[in-house]
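Atoms within a ligand are numbered from 1 in the order they appear, just like the ligands themselves. Heads up: numbering here begins at 1 and tracks the sequence. The analysis underlying the following values was restricted to heavy atoms, covering all of them including side chains, and did not include hydrogens, waters or symmetry mates.
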Amino acid sequence: MVQELLTPREMARADQLAVASGVPSLTLMENAGQAIAFEVVSHLPLQPVLVLCGPGNNGGDGFVAARLLEERGWPVRVALLGEKADLKGDAALVARRWTGPIEQARPEICMDFGVIVDGLFGAGLSRDVDGLAAEIVRAANNSAAEIVAIDVPSGVDGATGQIRGVAMEAAFTVTFFRCKPGHLLQPGAALCGKVLLADIGIPDAVIDEIEPLAFENERLLWTLPRRRVDDHKFSSGHCLVISGDALHTGAARLSALGAARIGAGLVTLGGARDALLVHAAHLTAIMLAECDRPDDLRPLLDRRKINAIVIGPAAGVSEDTRQLVLEALASEASIVLDADAISTFAQEPDALFAAIKARKNPNVVLTPHHGEFSRLFGEIAGCKLDRAQAAAKRSGAVVLYKGADTVIARPDGYVAINGSGSPNLATAGSGDVLAGMIGGLMAQGMNAFDGACAAAYIHGLAGRRYGKPGLIADDLPGILPDILFELSI
Ligand SMILES: NC(=O)C1=CN([C@@H]2O[C@H](COP(=O)(O)OP(=O)(O)OC[C@H]3O[C@@H](n4cnc5c(N)ncnc54)[C@H](OP(=O)(O)O)[C@@H]3O)[C@@H](O)[C@H]2O)[C@@H](O)CC1
Ligand SMILES: [K+]
């Protein structure tokens, strides 16, 4: 099933729609508390547990979990931030169903437990956590306890992944119905620990009403090209990668290998003769073609029936690169613009965006990291998801905004967050391989968004599959065949 991501506001709507369809809100809260208790007993040995309850429904879930854990024989203490008399609605109701003592929440109480269930704040976090609440969060983090977060670690904004003041560092997080962007966006994602998704009885049909725009990037979001028995190399597309000069050839070579290993039928490196001689000393299956000047590009594209182009890796921030990009955009090919191809338009981004919007073939992917993003788009307000969406809309391209939480956005607002990444990928040249993979997938006929999502996902898996530090970008293309094989069965 494709995994939609719901902002806390969309989740509140899901809640209302579920209630309108006949599921009582109290049932949702009971189910949520039950899911937490279930995950606690499933993952942790029986031991004293502290349930921290906040003033809203996140705290309500905590009261339910406390009751059910006690019924299972766990020694449970409950501490409330605020007054019981101030609790409202379902939270007030389930607090009355908890028949044990309710202590005042304070920092010192956090020291004596192996497990803390964090029900302070969830989707209703409305400002920075400060004062007593912040002291409690810090005390919980400094204790030896494993923290189990209800919905989100308290202090993490579910919509943006930002930390509001201070946030719980959870061992795992139990969330409901659908994950939230904050479970995948950094820095919040790193504080969630493992995220477990629980069904609490909200009917799937409510998604049709909400029409969410954000998705987790996973393998059901796109379909990889499949080779048919009668396919030949020309039916799997031809990807051209533009090389840097003779002293800067490595980045384009990594892209070319990425394009080839992801399945492009043919891959050509284009560049000046002296650069090609360096490539020739390293490569066998990748072809070489002289493309010294921007004017050389169009004839080369026609001659070799090239249908995807990657420009940018170590291409140089120069007038030639700028012209090459504009020539490429004027062609029918699908285009990946990475690194220097992006930076070269820092002074006149609108010229780039106009050239992208004037194209017949809409498949263009921009792959900026944070610095390149700011150079091209300036400072855009909002979280990474908002910024990627705004950038895609403004540029008319698919924007793959790189990082530990790569976000891929389409001009119409559709957006995916990639959770498959690995810190192993933070190494020189890793982005060059990724750009090549996107070019290779578009050469095989994938559209820009699907190709960018699939490449980001597979690239992330490759980093994980390597499984240890010491990965260099040269290793990545060689890992791709095994991953493609796994994804195809
Ligand atoms: N949606 C669903 O389908 C379901 C949702 N469920 C659960 O409900 C949770 C959402 O509940 P919620 O809306 O009551 O919000 P919640 O996170 O408890 O916090 C609100 C309270 O905290 C306060 N407060 C906020 N920030 C603060 C701060 N920095 N420092 C201090 N106080 C702060 C805020 O005060 P106020 O802003 O009103 O002044 C208000 O009193 C959700 O995460 C999930 O666990 C499940 O039961 C099942 C179905
Ligand atoms: K919480």
Side-chain angles (χ1 to χ4, degrees), residues 6-21 23-37 39 50-65 80-95 105 116-137 140-141 147-159 162-180 182-183 188 191-193 195-204 206-207 210:
L6 298 185
T7 62
R9 190 173 299 181
E10 288 170 332
M11 188 64 194
R13 178 103 200 283
D15 185 34
Q16 289 158 8
L17 289 165
V19 171
S21 77
V23 188
S25 59
L26 186 61
T27 304
L28 297 178
M29 187 173 281
E30 284 286 340
N31 289 346
Q34 189 174 21
I36 294 141
E39 298 297 354
L50 172 68
V51 181
L52 287 172
C53 297
N57 289 335
N58 199 249
D61 298 348
F63 278 107
V64 176
L80 174 65
L81 184 72
E83 298 299 327
K84 187 178 172 193
D86 294 337
L87 294 173
K88 295 185 190 71
D90 294 333
L93 235 149
V94 293
I116 295 176
V117 174
D118 158 31
L120 286 181
F121 311 114
L125 183 75
S126 55
R127 53 190 177 275
D128 282 2
V129 177
D130 58 10
L132 177 62
E135 281 177 45
I136 293 167
V137 170
N141 287 342
I147 297 174
V148 179
I150 302 180
D151 202 7
V152 280
S154 294
V156 171
D157 186 318
Q162 292 303 302
I163 295 171
R164 305 288 307 265
V166 61
M168 292 278 189
E169 295 162 17
F172 59 93
T173 295
V174 185
T175 193
F176 315 118
F177 184 52
R178 294 290 188 274
C179 285
K180 319 293 167 320
H183 293 126
L191 300 183
C192 290
V195 179
L196 305 167
L197 191 58
D199 174 4
I200 56 168
I202 298 176
D204 276 334
V206 305
I207 288 290
I210 297 171

Legend entry - Close side-chain approach of Leu52 to Ile136, heavy-atom, < 4.5 Å: yes
Legend entry - Expected output: side-chain Asn141 to main-chain Ala167 donor-acceptor under 3.5 Å: yes
Inset, instruction - Output, in order, the C-alpha distance, side-chain angles, deciding distance and verdict of side-chain contact (heavy atoms from CB on, under 4.5 Å) for Phe176 and Ile202. - result: CA-CA 9 Å; Phe176 315 118; Ile202 298 176; 5.9 Å; no
Inset, instruction - Flag Asn58 as yes if one of its N/O/S atoms falls below 3.4 Å of the K ion (ligand 2), otherwise no. - result: yes
Legend entry - O (Phe121) - the K ion (ligand 2) - OG (Ser154) angle, nearest 10°: 70°
Inset, instruction - Flag the pair Val23 / Leu28 as yes when at least one side-chain heavy-atom distance between them is below 4.5 Å, and no otherwise. - result: yes
Inset, instruction - Determine, step by step, whether Thr7 and Lys180 satisfy the side chain to side chain donor-acceptor pair (under 3.5 Å) criterion, reporting the C-alpha distance in whole Å, the side-chain angles of both residues, the deciding distance to 0.1 Å, and the verdict. - result: CA-CA 5 Å; Thr7 62; Lys180 319 293 167 320; over 6 Å; no
Inset, instruction - Could you please provide the protein residues found below 4.0 Å of ligand 1 on a heavy-atom basis, arranged by chain and number? - result: Met11, Asp15, Leu28, Met29, Pro55, Gly56, Asn57, Asn58, Asp61, Phe121, Gly122, Ala123, Gly124, Leu125, Ser126, Arg127, Asp128, Val129, Ile150, Asp151, Phe176, Ile200, Ile202
Inset, instruction - Give a yes or no answer on whether the side chain of Glu39 reaches the backbone of Ile36 with a donor-acceptor pair at less than 3.5 Å. - result: no
Inset, instruction - Return yes when at least one N/O/S atom of Met168 is nearer than 3.4 Å to the K ion (ligand 2), and no when none is. - result: no
Inset, instruction - Could you tell me whether any N, O or S atom belonging to Val152 is less than 3.4 Å from the K ion (ligand 2)? - result: yes
Legend entry - N/O/S atom name from Asp118 that is nearest to the position of the K ion (ligand 2): O
Inset, instruction - State whether the side chain of Asp118 and the backbone N or O of Val148 hold a donor-acceptor pair below 3.5 Å, judged by distance alone. - result: no
Legend entry - the K ion (ligand 2) contact by Ala149, N, O or S atom under 3.4 Å: no
Inset, instruction - May I ask you to check if any N/O/S atom from Gly54 comes under 3.4 Å of the K ion (ligand 2)? - result: no
Legend entry - Side-chain donor or acceptor of His183 paired with backbone N/O of Asp151 under 3.5 Å: yes
Legend entry - Arg178/Asp204 salt bridge by N-O under 4.0 Å criterion: yes
